[in-house]
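Encoded as structure tokens, the structure appears first; notes follow it.
Everything numeric here is computed off the predicted structure, so don't read it as measured data.
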There are 2 protein chains.
Amino acid sequence: MSNLKIQITRNENKKEKVPADQLIFGRTFTDHMFIADYTEGIGWHDHRIIPYQPVTLDPSATIFHYGQTVFEGMKAYLSDDGIVRLFRPEENMKRMNNSCDRMSMAKIDEEHALEALKQLIEVDKEWIPSEPGTSLYIRPFMIATESHLGVSASLTYSFIIIMSPVGSYYKEGIHPVKILVESEYVRAVAGGTGTAKTAGNYASCLKAQEVADLGGYAQVLWLDGIERKYIEEVGSMNVFFKIGGEVVTPALNGSILDGITRKSIIQLLKHWDVPVTERKVSMEEIREAYRTGKLDEAFGTGTAAVISPIGELRWKGELFYVNNGETGELSKKLYDTLTGIQKGTVQDPFGWVVEL
Amino acid sequence: MSNLKIQITRNENKKEKVPADQLIFGRTFTDHMFIADYTEGIGWHDHRIIPYQPVTLDPSATIFHYGQTVFEGMKAYLSDDGIVRLFRPEENMKRMNNSCDRMSMAKIDEEHALEALKQLIEVDKEWIPSEPGTSLYIRPFMIATESHLGVSASLTYSFIIIMSPVGSYYKEGIHPVKILVESEYVRAVAGGTGTAKTAGNYASCLKAQEVADLGGYAQVLWLDGIERKYIEEVGSMNVFFKIGGEVVTPALNGSILDGITRKSIIQLLKHWDVPVTERKVSMEEIREAYRTGKLDEAFGTGTAAVISPIGELRWKGELFYVNNGETGELSKKLYDTLTGIQKGTVQDPFGWVVEL
Ligand SMILES: Cc1ncc(COP(=O)(O)O)c(C=O)c1O
Ligand SMILES: Cc1ncc(COP(=O)(O)O)c(C=O)c1O
């Protein structure tokens, strides 16, 4: 047991809940938030759960100018059995610390962070929707707060957790999307910050997403920044392809995010004895697979959508269709299994789920 | 003339001024700040000069999670003649808009921004130090303020200007520094955000700077992220080399910041009939120049230091000394001319200076 002391101040002005079918991702927040402050030489202090409220910072705060910030994205699920479940939450805390390391930020105590999260969920548990497909989206993040203009690591930080009830990602059931392969913009290269969940990586992607939106594409598929040949990620998701019986996904190469859904899928596939390989995957290979009728399935993976099947890929002038624009068998099986484990309706052979 | 209306609220609790010799860069701020807000569909509104004060944002604000933010750095100089001078301020506003474009942010009205800056300086003019080498550092910046977790461009922004009196960069006169050539981390690649002045670019550099600090190096010299051969920038400065009579600087290649000091130096050198070339410069070329005794001078250029001479470069195991660790003749001449133009003691043949 952790010996963390968290001061709790209850919100006396609770907000009205939004009906599950009207929830828009990331627009509604619960009544409380967790916050702790870090001061160089002292460490983390003032761990507290307080009413959800604005953050006040000096205009010279490091976060505004030099961008030291990291975040995580995870979910709590409530099922008919009344149990609240988290999916591999310790992996998120571990990744958060890896991101902190890359961004030269203070590290969290992973156990304390999990304990804080559990207490926050307990305080706001009436906010967890239970309708099929819904969940409580959890956003732990850290920002550099020192009042100082100077390119050096901040001496103070705040670690905050906010939570947002979210509706079903697939209102009309899981369905494939159209993807634009990006040839101009680059998300990350090895040596950069692509392996960290840090704000700058996301702002830099908006420009390409704008172009994709205009063409009616749901997401951008990122290629490597060096040869502009190898597949990296799709939007804010990792990506898998099923090519003639083999499942492949780009290897962690120093510019790709180490997705928790990705690693869970690799584990599941191995458990099912489905051949799965982490290696370089080029667009030429995808074209060749398409031409020879071997491009069986393609899908993005991430906490938000779990599995997002790809129905069509546009690469420069060419179009590659996947599985006649329908959700593949393996994609569906992975989706059902993962969401089932998360909801407690499918047995969890790996000890992934933490019940609260 | 611009028809901008700025509401001014004067600070009734003025801070005590810090003596010029005790000023630390970016630690002291003037009594006022400028702020304007942007709302999609309405545009910029509520332009106001108010007492220097904290910024209050929802914890879900886009800046904290997806990093849409840009900034500029410029200076106002006060001379013995009592005139306040800005150096090419319209270039900063133009670059700010280029950065906004890359980060999918709202654009400023460049003329309005300049007008706002002039009024802010007028309100806080008693804060401009006049001792040799001092100046008023000006930090215009924009942050995305929408309360929404979702990877899409914010629909609201704040544009803020804060100002900080700064002491002399060279307390003991201009002198060369030791530079570590970075081989592991990468600042930017073409297709990324290297040409934008955005926060994420700076947080990503801290890790390499930590290593440089440990070894007693002042700054890191960045190589390209593709071949790891070609020189990009040094710390947060552009870089020049004088090799056997020719001055060279890396060409703007899509990953380097288009520095205003850099472009002014190129103009000055041309004006002086000194051969100057913008092209690829490899570390091999620097090594060869060193070995053949042709590495005459090397220096970084930027608003903060103007010219920062390089006395020593470490590249993997090798050490290259420049000009016996002394400030070169051309470096000194450029420094004296530029700072002279900025202070109004050297004639400005290019119309660079804006007198207030
Ligand atoms: C850039 C990026 N790639 C991949 C992922 C998928 O990671 P995870 O499966 O841990 O949610 C995410 C986040 O969710 C992401 O932001
Ligand atoms: C990354 C980077 N490169 C170069 C420069 C130099 O630009 P300028 O001469 O406009 O100050 C700066 C900022 O000052 C910078 O942040």
Under 4.5 Å to a heavy atom of chain B? For E227(A) that would be neither
Interface check, chain A: of S204(B), P59(B), P54(B), most non-hydrogen pairs under 4.5 Å belong to P59(B)
Y230(A) meets the side-chain hydrogen bond (donor to acceptor under 3.5 Å, both in side chains) criterion, sequence neighbours left out, with none
Honestly, the part of R139(B) sitting under 4.5 Å from a heavy atom of chain A is side chain
Turns out that what part of R187(A) lies under 4.5 Å from chain B's heavy atoms comes down to neither
When the 4.5 angstrom heavy-atom criterion is applied to S154(B) and chain A, the contacting part is neither
Okay, F141(B) and chain A: the region with an atom under 4.5 Å from a heavy atom over there is side chain
Of T28(B), L206(B), I24(B), the largest count of non-hydrogen pairs under 4.5 angstrom with chain A goes to L206(B)
Pair count under 4.5 Å, heavy atoms only, with chain B: among T193(A), L57(A), T198(A), highest is L57(A)
Under a 4.5 Å heavy-atom criterion, the part of residues 61-73 of chain A in contact with chain B comprises I63(A), F64(A), H65(A), Y66(A), G67(A), Q68(A), T69(A), F71(A)
Between V186(A) and A190(B) the two heavy atoms that sit nearest each other are CG2-O, 3.6 Å
One should read off an interatomic distance between S152(A) OG and F25(B) CZ, to the nearest 0.5 angstrom, of 11.0 Å
Checking heavy-atom separations under 4.5 Å from chain B, one finds in residues 156-164 of chain A I162(A)
Bottom line for V151(B): the part with an atom under 4.5 Å from chain A's heavy atoms is both
With chain B, the option among K197(A), Q53(A), E184(A) that has the most non-hydrogen atom pairs under 4.5 Å is Q53(A)
By residue number, those in residues 29-40 of chain A with heavy atoms under 4.5 Å from heavy atoms of chain B are F29(A), M33(A)
- Query: Going through the checks in order, is the side-chain contact (heavy atoms from CB on, under 4.5 Å) test met by K207(B) and D101(A)?
  - Reply: CA-CA 8 Å; K207(B) 194 84 185 161; D101(A) 183 62; 3.1 Å; yes
Max heavy-atom pairs within cutoff under 4.5 Å with chain B, candidates S183(A), S60(A), G200(A), goes to S60(A)
- Any donor-acceptor N/O pair, R27(B) side chain to H148(A) backbone, under 3.5 Å: no
Among R228(A), M142(A), E182(A), the residue with the most heavy-atom pairs under 4.5 Å to chain B is R228(A)
Looking only at D213(A), V189(A), D224(A), the option with the highest number of non-hydrogen pairs under 4.5 Å against chain B is V189(A)
Interface check, chain B: of N201(A), I143(A), V55(A), most non-hydrogen pairs under 4.5 Å belong to V55(A)
